[in-house]
Amino acid sequence: MKLWGGRFTKEENQLVHSFNESLSFDRRFYAQDIKGSIAHVTMLAKVGILTDSERDQIIEGLNGIKADIDSEKLAFNDAEDIHSFVEAELIDRIGDVGKKLHTGRSRNDQVALDMRLYVRDEIDELLPLIKDLQKELLQLMEANIDTYMPGFTHLQKAQPVTLAHHLGAYFEMFSRDYQRLEDNRKRMNYCPLGAGALAGTTYPLDRELTASLLDFYGPTLNSMDSVSDRDYSLELLSDLSICMMHLSRFCEEIIMWNSNEYRFIELDDSYSTGSSIMPQKKNPDIAELIRGKSGRVYGALVSLMTTMKGLPLAYNKDMQEDKEGVFDAIDTAKGCLALFTGMLKSITVNKANMEASAKNGFTNATDAADWLVKNGVPFRDAHGIIGTLVLTCIERDISLDELPLEEYKKISPVFTEEIYEAIKMKTCVDKRNTIGAPGRDAMEKVIAIYKEKLN
Ligand code: ARG
């Protein structure tokens, strides 16, 4: 049954129907659609457009439909979209009273409402997934305050940090991802129902009431905007794209750290896969897939941006294209967050290899130069002196820690035995104690802040 058959004399072409329909995907928010309809009729009765008995019959019918879809007793048919499906089914079940459901409403404000409710619900599921990931990260951080490792710039060993510090960088990124989603939730939390097709309605609707019944802060303030923008979906896609980018970078590092060249960590067998031909292989497929899936989330963002960019106000059917990309991006991000957390839980940290790598990469060269500065040598000269010593070490294949004092003294008489204490990994890290740095005291303060944040 078509909602709009009255004005038409011919049947719809079958290809047109399949091209135009959205039930195959918008069925996903049937629960939100029904919830919105219940709020709508509750309000209609309150303002005297429906009797209490009509309201009750409609609500009972809608609840029955919801229960039957939940339990798969009611199957979807070839209705045009979820709104038509529910309305037709309601009329089927309760007769003429059901025909009053759509009073003072258009599918334009209805779909705007459904999508908002859906996005809002999904944000509420995404937030705890990010939090779980952060909890896992925090545990790893606490366990690795003294796990020294090279910090890199240009993928060249630069200065020593700790694994806790490195992971803390991701903790920060995920905190912002969390806040972005929360911000979006706040910004979008206004109710478009009552906007009608585009120009409101002549019925005395109580929009404040529907808004509050559906836990919105209030009604939206411009009916044309209400039915024609999808910026909350775009924000969600943008938030998810950024979050996926963070996951993807983290995965890239996990893949490197897990490689034979680094051996910083080892992924658990349960999060790795094998090769069909090479018996020795244990591949980080999960990390690679998460890295790869960031592409489809960005794709959804670019796709919807492009769909929206040329649309005149108000509703246009192009906007039906707002759904599948958003659904896919949400599924992808949720799956990736959950799997990533599981994978993180399963890693074994190879502390010795990390520390050895920090040592053999001259990551303490800056500290050696700084020691000279503290002993009266101008920084530019100190830089040159240590550079020369690094060259000597490279020739001999040893670290600065292993270079004998005579060699140091040959280049500068300022050096004493104290240099060795100054360039120890522990000293290099623990002296970096301004807030945000990897030193133990600084790190402990930050971890305490994170702990409080998470609770
Ligand atoms: N399936 C449609 C969509 O998703 C519902 C709104 C239909 N409105 C209309 N004027 N045809 O956008």
Side-chain angles (χ1 to χ4, degrees), residues 1-8 10-37 39-40 62 65 69 76-91 99 101-122 188 191-201 210 214 220 222-234 236-237 300 303-331:
M1 185 201 82
K2 285 277 175 289
L3 296 177
W4 36 261
R7 181 237 181 272
F8 285 73
K10 281 192 192 165
E11 277 298 304
E12 190 185 27
N13 174 300
Q14 196 43 50
L15 275 177
V16 170
H17 175 81
S18 343
F19 191 70
N20 193 46
E21 68 86 29
S22 54
L23 182 61
S24 54
F25 49 89
D26 63 16
R27 60 178 61 175
R28 188 190 269 242
F29 50 59
Y30 71 90
Q32 285 83 1
D33 188 78
I34 290 172
K35 184 175 170 180
S37 289
H40 182 61
L62 288 170
I65 293 171
I69 300 177
F76 293 106
N77 54 21
D78 64 346
E80 181 180 335
D81 52 29
I82 188 63
H83 326 296
S84 323
F85 176 80
V86 172
E87 187 176 329
E89 182 62 27
L90 182 72
I91 294 167
K99 295 181 180 166
L101 166 65
H102 210 51
T103 316
R105 189 174 71 170
S106 158
R107 275 186 296 166
N108 294 354
D109 58 345
Q110 190 178 357
V111 75
L113 171 69
D114 293 1
M115 207 44 194
R116 272 191 207 226
L117 289 172
Y118 179 79
V119 166
R120 197 178 70 179
D121 287 346
E122 290 294 338
M188 67 172 278
C191 185
L193 196 62
L198 78 162
T201 79
T210 31
L214 294 166
T220 52
N222 182 290
S223 60
M224 291 179 77
D225 171 55
S226 311
V227 294
S228 67
D229 204 3
R230 296 291 184 264
D231 55 3
Y232 53 90
S233 288
L234 286 165
L236 174 76
L237 290 173
S303 163
L304 185 55
M305 285 287 246
T306 313
T307 295
M308 296 301 294
K309 74 180 257 297
L311 300 187
L313 298 186
Y315 178 84
N316 301 269
K317 188 71 173 223
D318 315 46
M319 288 155 65
Q320 180 165 291
E321 288 293 308
D322 69 344
K323 297 176 190 61
E324 287 159 289
V326 169
F327 297 160
D328 185 70
I330 290 171
D331 292 347

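Position 1 is the first residue of the sequence; numbering continues from there. Predicted, not measured: the structure shown is a model, and the values here were computed from it. Read the numbers this way: they start at 1 and go in the same order the structure lists the ligands and their atoms.
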Item to check | Salt-bridge contact Asp331-Arg28 (side-chain N to carboxylate O under 4.0 Å) | outcome: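 So Asp331 pairs with Arg28 through a salt bridge.
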Checklist entry - Do Glu87 and Arg107 meet the salt-bridge criterion of a basic N to acidic O distance under 4.0 Å? => result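 Looking at Glu87 together with Arg107, the answer is no, because their closest N to O distance does not fall below 4.0 Å.
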If the condition is side-chain hydrogen bond (donor to acceptor under 3.5 Å, both in side chains), which residues does [X] pass it with, not counting sequence neighbours?
| X | result |
| --- | --- |
| Glu21 | Ser24 |
| Tyr315 | none |
| Asp26 | Ser22 |

Could you pull out every N or O of ligand 1 that sits under 3.5 Å from a protein N or O, with the distance for each pair?
unit_1	atom_1	unit_2	atom_2	d
ligand 1	1 (N)	Ser22	OG	3.0
ligand 1	1 (N)	Gln320	OE1	2.8
ligand 1	4 (O)	Lys323	NZ	2.5
ligand 1	8 (N)	Asn108	OD1	2.9
ligand 1	10 (N)	Asn108	OD1	3.0
ligand 1	12 (O)	Tyr315	OH	2.5

Item to check | Identified side chain to side chain contact (heavy atoms under 4.5 Å, CB included) partner of Ser37 from the options Leu101, Ile65, Leu193 | outcome: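 Filter result, single survivor: Leu101.
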